Amino acid sequence: MVANLFTRRNFGVRFASFISSLGLAGFFGSATPAAEQAAGATQAGGVQKLNYEGKAADGTQMITPLIVNNGLIYIAGQGAHSHDTGETFPKDIENHTKHVMDSVKLLVEAGGGSVDSILQLTVYLANIDFYDGMNKVFKTYFPHGGPARTTVAVAALPGDSLVEINCIAAVTRK
């Protein structure tokens, strides 16, 4: 249990959450009062719970896909069918990663960021053999180098997805 508290992945996530909870994100980044206002500081506690369109979540969902607080954007785990548009596509790691990254990009932009403002990603693969295929797609989203990233293999993912990704990004615009 104690060893689990001090892994690099857990440390990074806990540190980012700690900094965010103290309201020090602006100290460590370039957040300004305008950026904090864009991040939703006008709502109680500065926390905005948003849907895929960047509008206030209606509160009926068990998991909110997008939270904006103190200049940071938190994206819930996105699987290949998380933002299901009814489109059918082949079940291979390249297609699944593309659909997941499209959802992540959509949410980050709805929260006031961009792909370049993504600070950290956690990638869950249904099979570690998918690592190279996932990386091939990642290079198209991050051609100039990507964010900090952790990739782990898991036994299974919801919705029969081959990959799931969550992330933290910085608010860069309203």
Side-chain angles (χ1 to χ4, degrees), residues 4-5 7-85 96-125 134 137-138 141-142 146-152 154 157-159 161 163-174:
N4 193 29
L5 292 174
T7 64
R8 288 186 313 182
R9 174 179 59 238
N10 287 336
F11 175 78
V13 170
R14 290 176 193 275
F15 184 72
S17 296
F18 174 73
I19 295 302
S20 175
S21 70
L22 291 177
L24 295 176
F27 179 75
F28 288 100
S30 60
T32 63
E36 288 190 21
Q37 181 178 2
T42 58
Q43 289 190 0
V47 176
Q48 279 188 313
K49 296 182 178 186
L50 306 173
N51 62 21
Y52 284 91
E53 290 77 38
K55 297 178 182 170
D58 61 14
T60 61
Q61 296 174 315
M62 183 178 76
I63 298 171
T64 305
L66 167 61
I67 305 270
V68 180
N69 185 41
N70 288 328
L72 293 175
I73 303 163
Y74 300 88
I75 306 298
Q78 297 296 300
H81 302 287
S82 292
H83 185 60
D84 197 357
T85 60
H96 276 221
T97 304
K98 180 186 179 317
H99 280 81
V100 170
M101 284 304 300
D102 286 347
S103 290
V104 167
K105 181 178 185 264
L106 175 76
L107 287 166
V108 167
E109 289 174 352
S114 69
V115 172
D116 289 332
S117 76
I118 295 175
L119 305 171
Q120 186 272 333
L121 289 158
T122 304
V123 179
Y124 303 93
L125 294 174
M134 178 265 307
V137 175
F138 256 66
Y141 287 87
F142 305 106
R149 185 184 85 190
T150 300
T151 304
V152 296
V154 296
L157 291 167
S161 186
V163 60
E164 183 171 316
I165 299 173
N166 66 7
C167 78
I168 299 172
V171 172
T172 57
R173 64 184 177 353
K174 178 144 175 96

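These numbers were taken from a predicted model, which means no experiment stands behind them. Keep in mind that the numbers below use all heavy atoms, side chains included, and drop hydrogens, waters and symmetry copies.
- In this structure, Ile75 and Leu66 have side chains that are in contact, with non-hydrogen atoms separated by less than 4.5 Å.
- Residues Gly77 and Glu164 share a closest heavy-atom pair of CA-OE2, 3.5 Å.
- Counting heavy atoms from C-beta outward, Asn166 and Tyr124 have side chains that approach closer than 4.5 Å.
- Checking side-chain atoms of Ser117 against main-chain N and O of Ala170 turns up a donor-acceptor pair under 3.5 Å.
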Run the side chain to side chain donor-acceptor pair (under 3.5 Å) check on Ser114 and Asp116 step by step: do they pass? CA-CA 5 Å; Ser114 69; Asp116 289 332; 4.9 Å; no
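- At least one side-chain heavy atom of Ile118 sits under 4.5 Å from a side-chain heavy atom of Val104.
- Within the 4.5 Å cutoff, the side chain of Leu50 has no heavy atoms near those of the Thr64 side chain.
- Note that the NE2 atom of His96 and the CG atom of Leu157 stand 10.5 Å from one another [nearest 0.5 Å].
- Closest non-hydrogen pair, Asn69 versus Gly46, comes out as OD1-O, 3.2 Å.
- Nearest heavy atoms, Gly113 versus Ile73: N-CD1, 3.5 Å.
- Judged by the 6.0 Å distance and 45° axis criteria, Arg149 is not positioned over the aromatic ring of Phe142.
- By the 4.5 Å heavy-atom criterion applied to side chains, Cys167 and Leu121 are counted as neighbours.
- Looking at every heavy atom in both residues, Leu107 comes nearest to Asn51 through CD2-O, 4.1 Å.
- Two residues are said to be in side-chain contact when any heavy atoms from C-beta on lie closer than 4.5 Å; Thr151 and Phe138 fail this criterion.
- Listed here is the closest heavy atom pair of Ala80 and Ser161: N-OG, 2.9 Å.
- The two residues Tyr52 and Ala110 make their nearest non-hydrogen contact at O-CB, 3.9 Å.
- The distance from the NE2 atom of His99 to the NE2 atom of His81 is 8.0 Å, given to the nearest 0.5 Å.
- In this structure, the side chains of Ile67 and Val47 come closer than 4.5 Å at one or more pairs of heavy atoms.
- With sequence neighbours excluded, no residue satisfies ring pair (Phe, Tyr, Trp, His ring centres under 6.0 Å) with Tyr141.
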